[in-house]
Each structure stands twice: as C-alpha cells, then as structure tokens.
Number of protein chains: 2
Amino acid sequence: MTSQHDGAFDRMDQVQARARGIDRVVEILEFLRASRRPIGIGDLAKRIAAPRSSLYEIIGRLTEAGILETVDQEGRVFFGRAVYLYADAYLDSQPLVRNGRDEVIRLAETTGETAQLCMLIGNKYTVAHMQPGSNLFRISSETGILVPIPWTASGRLLLAGMSEAQIRALIPPEDYRLPDGRRIEIEDFLHDVRDAHARGFAVTTALADEFTTCLAAPVVDATDRPVATICFVIPARTPEDRQAELMEKLIAGGRAVSRQLRG
Amino acid sequence: MTSQHDGAFDRMDQVQARARGIDRVVEILEFLRASRRPIGIGDLAKRIAAPRSSLYEIIGRLTEAGILETVDQEGRVFFGRAVYLYADAYLDSQPLVRNGRDEVIRLAETTGETAQLCMLIGNKYTVAHMQPGSNLFRISSETGILVPIPWTASGRLLLAGMSEAQIRALIPPEDYRLPDGRRIEIEDFLHDVRDAHARGFAVTTALADEFTTCLAAPVVDATDRPVATICFVIPARTPEDRQAELMEKLIAGGRAVSRQLRG
DNA sequence: CCCTTTTGTCTGCTATACCGGACACACTGT
DNA sequence: ACAGTGTGTCCGGTATAGCAGACAAAAGGG
C-alpha cells in the first residue's frame, strides 16, 4: 500500500519499522522498572506498542533465563531472580554502592532519620538506596525513580567540577520546572552548584516537597570528582542545631566512603 | 573447508545457525554473572563463541540502556546501574524477600549474631540477604553465591515436602562432596531432610566450614511449603542453652514472616 | 625497529526474527 | 444463549539483524 513516493513520510510519522528483539527487551525492562509492578502480556503489548505475538516469544525467552518471572496464575510477569544475582555481582564490582549503602544504613540507625545514597544516571538523579529512619516522618521519594537534577540538594553537589557550559548542555530546560510549577532560574542554579562545591555540602528546603529539608554530602573518587552523595531527608522544621549535628555526621560519612574508594 | 556434501554433519556437530540477539543477551548476562568480573569484548566473543561484530552492536545497545557499563579505558564491560534498579524493584515486589530481610536485620540486631535469609535458585542454595552481627566472629559465606544444597542446614529444610525421588533427581551427585573432600551419603542426607521437616528446624555443625554451626528455621507459604529459611551462623562452640535460645527466636521469626506471606 | 595481536568500524549478503492476522478457548455480563 | 473481551498459540511473508570478512589503527613485545 505505502508506495514508492512517500517513503520519507513513513519514516517521519510512524516509526513503525520492525523493532529488534533487543530493543524490545530494553523497552520491557525499562517499563517494568518505571511501573514497578507486574503486568499482563496483553496489557504490556498495548503500553509499549509491541505486537502480542512477539512479546509472548520474547518474554518466554526471558522467563526461561530467570530475568523475568510469571507472578500469578493470570500470567502477569515481573523481574525474576536472575536480576537479583546480576545486581549482586554489580554491587561487588562497585565499592561505591556497597560501601555507600552500608554507611547509609549506619547513619539511619544511629540518627533515626531517613538516609539515602544518591547518584546520577545520565542527566537524571536517582536514589540508589534508601534507609527509612525510626521517626514517624514519612518521606515521599522512592528508590530508582529518575528525577530532574535541579529538584535536589544532591544534584547540586553531583555537578561540582563540571563547567557551566557542560551543565547547560546536560540539563534539559524543562527540568528546571518544579513539581508545583515554580521555575528555578538557571543562573541561580549554577550559583547553587558553585556554592555547594565550595562548602562541601548542600541544603535545600521545600524544593521537591513542601515540608521537607534535604541535607547532602558528597562522595568523591580518587580524582576528587563527586560520584555520589549521601543525604538525610528530614522535616523542614527540624531545629538548626540538630541540622548542624546531622550535617556533621553526613560529611564524616561521605569522607569515610570516599576514603574506601581510594584504598 | 567444510564443503557441500557434509551439510548434515555440520548441523549435528556445531549448531552454528545464526543466533538471535536475545539469546546473545542472555548468554552475555549469564557469563558475567558466573565470572563476576569485567571482560573485554574480544575476549567475551571467544568465551561465548559469538562473532565480534555482533557483540559490538549488542553490547553497544545494552550499554546505552545502562544494563552494561564500560568499566575501564581498555573497554572492558560489566553490569551497569540499570540492573541494580531492576533488582530493587524485584525486591519490592517480593514480600518474601522484603519481610524476610527485615526480620533478619531485626534478629541480627537483637541477638548480635550474624543472620541470613536463604532460598533456592534452581538446584542450588543461595544467601539472599546477610546481616552481620556485632560479635567478632567472622563468617565466610557471601550473598548471591550459589552453593550445593547438601552443604547447608537451610538446604535440608528447603527440600521438605519433596519426595525422595524428586530430591534424587534435583541434586547432582557431585554436590554431595563437601569443600574439604568428605562425601555425604545420600541416604544420610535424605534422613536429615525428613528429620528437619518433622522437627521444624535444622542444625548443622562443621559442614561447609569447620568452626561454624548453622541454625535454620523455615519460612513457609500459604500451602505450608518451605520457600526460604532464616538462619544464624555462629561459632561451633556456642553453649547449648544459648543455641536453644537462638533457635527459639529463629522459629518465631520464621513463623512471623510466614504469617505475613499469607496475609 | 618490525612483527604480531587486538580493537573498533564498516559493508554487503542472506537466513530468519519479527510481525500481522487468524484461530481456539476461557471468561463475563446481560 | 450470545456477544464482547482477553489470552495463548500458530503460520507464512518479508524487512532486516546478525554474520563473515576486510580494514585501519592502536597496542604490545621482542
């Protein structure tokens, strides 16, 4: 039907070229990561716009490998045990995440506050590990969700060492708009980044969430570039001296993890 | 060299039909899981008998998706951040692992002993989570490593409910040989399994490791089949009454997690 | 220095993986 | 009973993904 003369158009409108199996795999995994819950194959086909017949085939193969698992008798699928093993191997190879996570657990235990290990993935920010504190205060952020860098205190620290031009190139304009609609001025943000770098820590209040303050300290590699942050998520009205005390522990913790990276 | 007239032979010896991308992906991930360290692409091509040109393509795609990462400037690759996020979502979806892990942490804290959450993957046993105790006693086992079932106390509990024939079919003969060379008699092992099932707990001493005793209690699903165990790893010379006390906590903990699975 | 090995990229051929669509079956509600 | 919806399987055609092989460039290594 689609004849010779509109080939170019076809490409533009419907990128309906037959997809590669690997691309399907990536789409599936990415979808599951984002939605964080099991889904039926038919449903999934609609959501990622893939033909059902292909998905049955691909998911069958992934299930066989243990990368996916059939969750219930309605045939819903989700991540399988294999990914747990992959991640375990990954952690073994990454002293950063392993040590950082231990430190975060320790901090959460000794202070009772919610602590996190945060890092960048591409041009987004994510919480790699979260350890809830014993306090009643509920936090909103979830592990693994990708968040615009300007929304976070940690994001400001993680950009330390990048040039202004690099930062401008990295962060898409829409990421400067906060969840409540406010906009962060790029100049202000760049200033924050320089500031965070100079001080060696960052604090933000009521940024992504109205009642939350975030304290962050950097973890740096052997060349002093920030590779992660550890941070506390606390009620905005936490007393000054308590905040100072927490910040001190955070900086010490960040230094400890950084030291382990060098050794 | 392989000429026209031996086509049939070709098929038999070397199943050299062009491989699918997905299969390559699974092979790559499985290889990395087993070897647990970064590898160059050329090297990898030899090890899994795949053409280099294809691997460059596939690994490029997986790297783009964050499933793999380039580790050093020599171009070696290993698991990437994405698998960590996948695993995190997986753990969230598994009440067993989530609750079990919490209970293990609680037990390790209140008793000061090293506690573990263990389960089966295929015909092997693995530690899904380990929480070191505050005691000086160092344990050897590591999370995520696959271990022969007969080497462990937990393994005996996890087979409860299986018939003798099923057990014989499941466990490869070489798994009855301990790290120090001793062999476990199949009959003795089967007896241990029945015994563990009847008592509702298991104890082994100096099995995988000379100076270690392992106490284990089952976590069962709604149909009373064991799906995991929680256990303590303690010095072999721990006094009897202390062991009894720990065992009691363990059984209570296992029951608690089992209850959560039902609800 | 030359010689060997490896690495990353590119190209054209063709076996085949993916797709569309059809089919049987199981539910559900009316 | 019957239409409507969703699930799991199968099949044939064709766009294309994967392969072999060639290549330059870099990296050892003697």
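So that the names make sense, note that chain A is the first sequence line, chain B the second, and so on, each numbered from 1.
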> Does OP1 or OP2 of D:dC19 have a side-chain N or O of B:S54 closer than 4.0 Å?
Replying inline: yes
> Is a side-chain N or O of A:R156 found less than 3.5 angstrom from the main chain of A:P150, in a donor-acceptor match?
Replying inline: yes
> If you take all heavy atoms of A:I149 and A:Y125, which pair is closest and at what distance?
Replying inline: CG1-N, 4.1 Å
> Which residues within residues 64-79 of chain A lie with some heavy atom under 4.0 Å of an atom in DNA chain D?
Replying inline: none
> Whole Å only: how far is the CD1 atom of B:I28 from the C1' atom of D:dG18?
Replying inline: 13 Å
> Is any side-chain nitrogen or oxygen of A:R24 closer than 4.0 Å to OP1 or OP2 of C:dC19?
Replying inline: yes
>> Go nucleotide by nucleotide along DNA chain D from the 5' end; which of A:R52 and A:G21 gets its closest nucleotide reached first?
In response: A:R52
>> Without decimals, in angstroms, what is the distance between B:I22 CD1 and C:dC19 C1'?
In response: 14 Å
> If each of A:I41 and B:L55 is mapped to the nucleotide of DNA chain D with the nearest heavy atom, which maps nearer the 5' terminus, i.e. the 5' end?
Replying inline: A:I41
> Between B:G42 and B:S53, who's closer to the 5' end of DNA chain C by nearest nucleotide?
Replying inline: B:G42
> Are B:R20 and C:dC18 close enough that a side-chain N or O sits under 4.0 Å from OP1 or OP2?
Replying inline: yes
> Considering only side-chain heavy atoms of B:Y56, which listed nucleotide, C:dT9, D:dT7, C:dT6, is closest?
Replying inline: C:dT9
>> To check you understand the geometry: which heavy-atom pair defines the closest contact between A:V193 and A:A160, and what is its length?
In response: CG1-N, 4.1 Å
>> Please determine whether a side-chain nitrogen of the Lys or Arg among A:E69 and A:R76 lies less than 4.0 Å from a carboxylate oxygen of the Asp or Glu.
In response: no
> By ring pair (Phe, Tyr, Trp, His ring centres under 6.0 Å), which residues pair with A:F189, not counting sequence neighbours?
Replying inline: A:Y176
